[in-house]
Amino acid sequence: MHRPDAPTLAQASAGMNTDAEPSAKLESEQIQLLLDALPALISYVDKDERYGTVNQAYERWFGEDRRSLAGRPVREIIGDAAYAAVKPRIDAVLLGKPQDFESLLVYRRGGKRHVRIQYIPHLGASGDVRGFFTLVSDIGEQKRAEEARRLLADATALLDPVLDRDTSYRRVAELAVTSVADWCSVHTLDPDGTLCARVIAHADPAKAELVSRLAQRSRIPPEPETPLHEVLHGGPGRLLSDIPDSLFTGVARDTEHLAALRALGCRSAVIVPIHGEECVLAALTLASAESGRAFTAADLAFAEELAQCIQVALQRMRLYDLARDAEAEARRRFLAEQEARRAAERAAQRMAGLQRITAALADALTCDAVAQVVVDQGVAAAGAYAGSIVVTAGDKLECLEAVGYEPAAIERFREMTAEDGLPLTDPLRTRAPVWLRSRKECSARYPDFAASALTATTASLCCLPLLVQERPIGVLGLSFAEPHPFDHEEQEFLVAMSRQCAQALERARLHEERAAIIERERRVALENARLYREAHEADRRKDEFIAMLSHELRNPLAPITTGLELLQMNTSERGDRDDSQILATLERQVKTIVRLVDDLLDVSRITRGKIELKRERLDVSSVVQTAVDSVRPLLAQRRHELILSVDPGIFVHGDRVRLEQIVVNLLNNAIKYTNPGGRVSLSCAESGGDAWIRVTDTGVGISAELLPRVFEPFMQARRTLDRSQGGLGVGLTLVKRLAELHGGRVEAVSAGPGEGTAISVWLPLAGASAESSAAPVTEIPRSGTSALRVLLVDDNVDAAEGLRRILQLHGHTVSMAHDGPAALETARASKPELVLLDIGLPGMDGYEVVRRLRAEPELRRSYIAAVSGYGQDQDRRRSREAGFDAHLTKPVATAQLLALVAEAAPRG
């Protein structure tokens with residue numbers, strides 16, 4: 001509805017007021033009809049910015065009945081974006097200032113339009129502004145024509161003949177989306193008919209990426225079923241004023257792809273061909289989307305004109321390329337002729353150099369001579385100032401010859417490895433030459449080498465592998481004072497020289513190897529003869545050792561067997577017999593067997609490095625005294641005189657048990673090899689920073705032949721069948737090995753058979769210390785220990801029975817079991833305080849038994865000791881890990897057993 005005080009457009013146009021005559025009113029209606037026929041927007045707006053009356057064009061622009069617009073705010077009708085653009089102009093006209101301006105406005109319903117706007121103030125009788133008249137004209141076509149002309153001019157300027165086709169397409173597409181289209185593309189056909197999107201540009205870069213991805217997914221068949229195919233196959237340009245949905249359906253792969261294509265909102269497009277001389281080169285597509293613009297025949301004509309510009313530019317480009325190629329070809333031919341002459345001269349010089357090198361190599365019979373020829377003559381032939389040859393030597397590289405380098409540089413690279421990552425080492429791994437044409441290239445590939453080792457004289461270098469049947473044997477390196485291109489011909493020459501060098505080195509190596517083989521065969525023959533003699537001697541010694549071992553074991557077994565038979569006789573058969581003497585004999589012979597086994601085991605342990613020394617500061621006199629006490633029975637038996645000369649206060653840092661073993665073995669050896677009634681002397685004194693222990697005897701002596709080997713295992717002089725001395729020939733071996741473990745040495749001296757022997761041991765002296773030299777002595781309890789409940793577990797019934805009797809004699813309560821399950825049942829019933837458990841049990845071994853015993857709550861505090869025939873360090877460690885408190889090695893002496901009982905008693 002019109003506001004009462006608002007004049008109609010016709011009245012305003014006729015200069016009449018609301019009180020005019022009826023004839024004037026009729027005339028104003030005719031003017032209104034005329035204004036409604038005009039395409040421009042014509043309206044009256046009051047000072048409150050509300051529409052009074054509007055012409056018919058408002059209905060066409062905004063899609064609403066013009067009568068519904070009266071009284072509504074301008075902002076509501078044109079939208080916030082357009083209102084924000086014209087608000088300053090409205091403010092100005094309401095101040096009485098006419099406005100005439102152009103602007104690109106985005107209307108709420110009218111879309112984006114280029115418009116020219118005129119605001120004319122409506123003045124009242126008193127001169128106040130009562131509102132304003134508006135005249136809005138759509139100048140979009142005019143702007144598009146201007147933009148098209150400008151685009152054509154800009155495109156012509158952008159299409160430089162030096163550009164390639166894709167760059168030209170891209171420049172035109174990017175220019176088009178700034179003015180005449182929302183997006184632009186250029187398509188070509190591959191030889192198989194597949195459509196290829198060469199360029200896609202969009203006013204919005206994010207959407208350009210989306211369009212590109214969708215183009216790659218589109219299913220466009222080779223046949224011309226789309227307007228784009230029709231144009232590319234020679235058809236005329238196509239105008240698609242309103243793109244049908246069926247076009248999207250034809251190219252979409254799936255529903256998701258179809259939805260994405262529809263989301264682009266492509267509403268209109270023109271497709272025109274870009275012609276070459278004989279065919280269509282490409283198709284140019286201009287499309288509208290966000291702008292909502294519908295292309296017309298004028299747009300098609302513009303697109304064809306733009307395609308013509310591209311076509312002309314491409315022709316210029318082709319002509320430019322032809323001219324440039326012709327000029328380049330002429331220059332290439334000229335340079336090629338010059339290079340051919342220079343190459344011929346270089347080839348002749350290089351061939352002469354190769355011939356000189358070949359002639360010189362023919363006389364080089366050693367690797368050193370070959371290296372000298374190649375380096376001396378190869379450096380000159382290649383035009384280098386320095387060169388070197390390195391050859392493989394196992395895992396390393398050795399410099400065989402070098403010339404032209406500073407001595408420090410030669411020494412630095414005297415030895416290398418293939419993993420050093422140097423120009424000289426890489427050809428060994430890759431079997432390919434290394435060409436470093438400048439210092440810059442060297443720095444880029446080998447920065448560490450260039451920073452630390454590249455001399456100021458070197459501007460370029462090459463390193464060539466020396467290959468024999470593709471097997472690298474070394475590297476030839478050459479250094480140049482100027483940057484070097486290393487063209488194809490020079491590379492061929494240098495590779496040929498490296499092949500010559502490799503063949504000559506291999507020939508010299510084979511010559512040297514043949515000479516070495518002859519010498520080696522001679523040495524092998526001599527070595528085989530020696531090995532045969534040693535094998536024969538080792539076989540003889542093995543047989544002799546087996547005989548000795550048999551004899552030494554049978555000797556103690558004979559009195560043991562006799563003693564057992566005597567003990568088994570009844571009273572009437574025994575007569576007057578002293579059992580204590582028999583038992584002493586049995587004990588002595590059993591100790592002999594144990595000592596033989598221990599000696600053999602000690603030699604084995606030392607040989608395998610399994611002996612661990614428990615060092616302490618010791619007075620040698622205390623060690624000697626203990627050793628002498630242990631051999632006194634044997635001295636008495638052999639009726640020998642013992643002479644001692646031991647200086648007090650001589651300290652060493654060693655293992656007491658092992659040092660006593662050294663002295664005991666020296667004394668035993670002297671006693672055994674001295675006839676009854678002889679003399680054995682033992683002395684100890686300081687000598688040159690060592691403790692010197694010397695044992696001499698008046699015995700059988702040692703022959704000069706045997707003396708150098710007296711410390712070897714199982715070495716003995718030939719014995720008579722009575723073998724009165726006994727032993728296995730390992731005592732002196734133990735002495736030597738134990739002394740060396742302590743950092744000492746041994747020596748044997750004899751004037752010959754019948755002249756006696758002197759064996760000396762030197763041990764390093766210990767530093768001064770206030771510590772006592774005497775080790776604390778732990779007294780083994782033999783009685784007085786409180787009675788314990790003991791469980792014996794051993795599948796050897798006799799062994800278990802013997803231990804049971806000993807324990808019962810000392811007042812302990814003993815239960816027995818002979819396998820794992822029985823041991824578990826007995827332990828649960830008797831609740832033992834001490835368990836003596838054999839490891840090698842049938843069915844369930846001792847390790848499993850001890851684990852199960854430890855799982856019993858009532859037996860966790862029991863003292864459990866392993867009793868086994870295995871007593872090496874790894875056996876003791878394994879028993880500890882399984883849960884044993886101690887480890888005893890069979891046979892178990894009574895003193896050991898009672899000491900274990902005393903240790904277990906506090907837990908009971």
Side-chain angles (χ1 to χ4, degrees), residues 530 533-549 551-552 595-596 598-607 611 624 627 631 634 638 640 642 658-675 678-684 687 690-763:
R530 184 187 66 78
R533 290 194 301 270
E534 289 183 355
H536 181 72
E537 176 64 17
D539 189 56
R540 182 191 66 76
R541 286 166 56 191
K542 179 195 68 175
D543 292 342
E544 184 175 339
F545 169 71
I546 292 173
M548 283 192 297
L549 180 60
H551 180 274
E552 291 302 319
R595 181 177 55 78
L596 290 173
D598 285 345
D599 282 353
L600 286 173
L601 290 176
D602 281 343
V603 170
S604 174
R605 291 190 191 106
I606 294 174
T607 302
I611 288 290
V624 170
V631 300
L634 185 57
R638 302 283 289 181
H640 290 325
L642 177 63
R658 297 304 179 182
L659 293 181
E660 289 175 1
Q661 194 173 1
I662 289 174
V663 180
V664 167
N665 278 343
L666 289 177
L667 291 172
N668 277 334
N669 192 73
I671 293 168
K672 288 189 298 183
Y673 288 96
T674 300
N675 293 327
R679 184 174 67 254
V680 176
S681 300
L682 190 154
S683 62
C684 178
S687 174
D690 290 326
W692 177 29
I693 303 172
R694 179 181 175 90
V695 176
T696 61
D697 61 60
T698 58
V700 298
I702 304 174
S703 66
E705 177 186 78
L706 184 61
L707 191 61
R709 304 171 61 190
V710 72
F711 293 106
E712 295 180 11
F714 316 124
M715 284 301 301
Q716 292 181 328
R718 296 187 179 276
R719 310 277 186 84
T720 58
L721 289 179
D722 65 356
R723 299 191 53 81
S724 58
Q725 293 87 356
L728 297 175
V730 297
L732 291 183
T733 300
L734 277 174
V735 169
K736 181 176 185 294
R737 301 284 174 84
L738 290 173
E740 290 172 346
L741 284 176
H742 283 80
R745 57 189 177 89
V746 297
E747 180 184 70
V749 177
S750 176
E755 298 299 326
T757 304
I759 299 180
S760 298
V761 176
W762 288 270
L763 300 172

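For the single chain, residues carry numbers from 1 onward in sequence order.
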- Task: Report the C-alpha distance between Val680 and Thr696 in whole Å, list the side-chain angles of each, state the deciding distance to 0.1 Å, and finish with yes or no for side chain to side chain contact (heavy atoms under 4.5 Å, CB included).
- Result: CA-CA 6 Å; Val680 176; Thr696 61; over 6 Å; no
- Item | Heavy-atom donor-acceptor pair, Ser703 side chain to Leu706 backbone, under 3.5 Å | yes
- Query: Would Leu741 and Arg737 satisfy side chain to side chain contact (heavy atoms under 4.5 Å, CB included), going step by step from the backbone distance to the final call?
  - Reply: CA-CA 6 Å; Leu741 284 176; Arg737 301 284 174 84; 5.6 Å; no
- Run the side chain to side chain contact (heavy atoms under 4.5 Å, CB included) check on Arg638 and Thr674 step by step: do they pass? CA-CA 9 Å; Arg638 302 283 289 181; Thr674 300; 5.8 Å; no
- Query: So how far is it from Ile671 CD1 to Asp697 CG, rounded to the nearest 0.5 Å?
  - Reply: 10.0 Å
- Heavy-atom donor-acceptor pair, His640 side chain to Arg679 backbone, under 3.5 Å: no
- Message: Rounded to the nearest 0.5 Å, what separates atom CD1 in Ile693 from atom OG in Ser687?
- Response: 12.0 Å
- Item | The single option from Leu659, Leu734, Val631 passing side chain to side chain contact (heavy atoms under 4.5 Å, CB included) against Val664 | Val631
- Here the side-chain hydrogen bond (donor to acceptor under 3.5 Å, both in side chains) pairs for residues 739-753, sequence neighbours left out, are Lys736-Glu740
- Could you walk me through whether Leu732 and Leu666 pass side chain to side chain contact (heavy atoms under 4.5 Å, CB included), step by step? CA-CA 7 Å; Leu732 291 183; Leu666 289 177; 4.2 Å; yes
Hey, can you pull the donor-acceptor pairs under 3.5 Å for the side chains in residues 753-761, sequence neighbours left out?
from   : atom 1 : to     : atom 2 : distance (Å)
Ser760 : OG     : Trp692 : NE1    : 3.1
Ser760 : OG     : Arg694 : NH1    : 3.3

- Note on the structure: For Thr733 and Phe711 the tightest heavy-atom approach is OG1-O, 2.9 Å
- Message: For a quick test of reading the model, state the closest non-hydrogen atom pair linking Val710 to Ala748 and the distance between them.
- Response: CG1-CB, 3.8 Å
- Message: To the closest 0.5 Å, what do you measure between CG (Leu707) and CD1 (Ile702)?
- Response: 5.5 Å
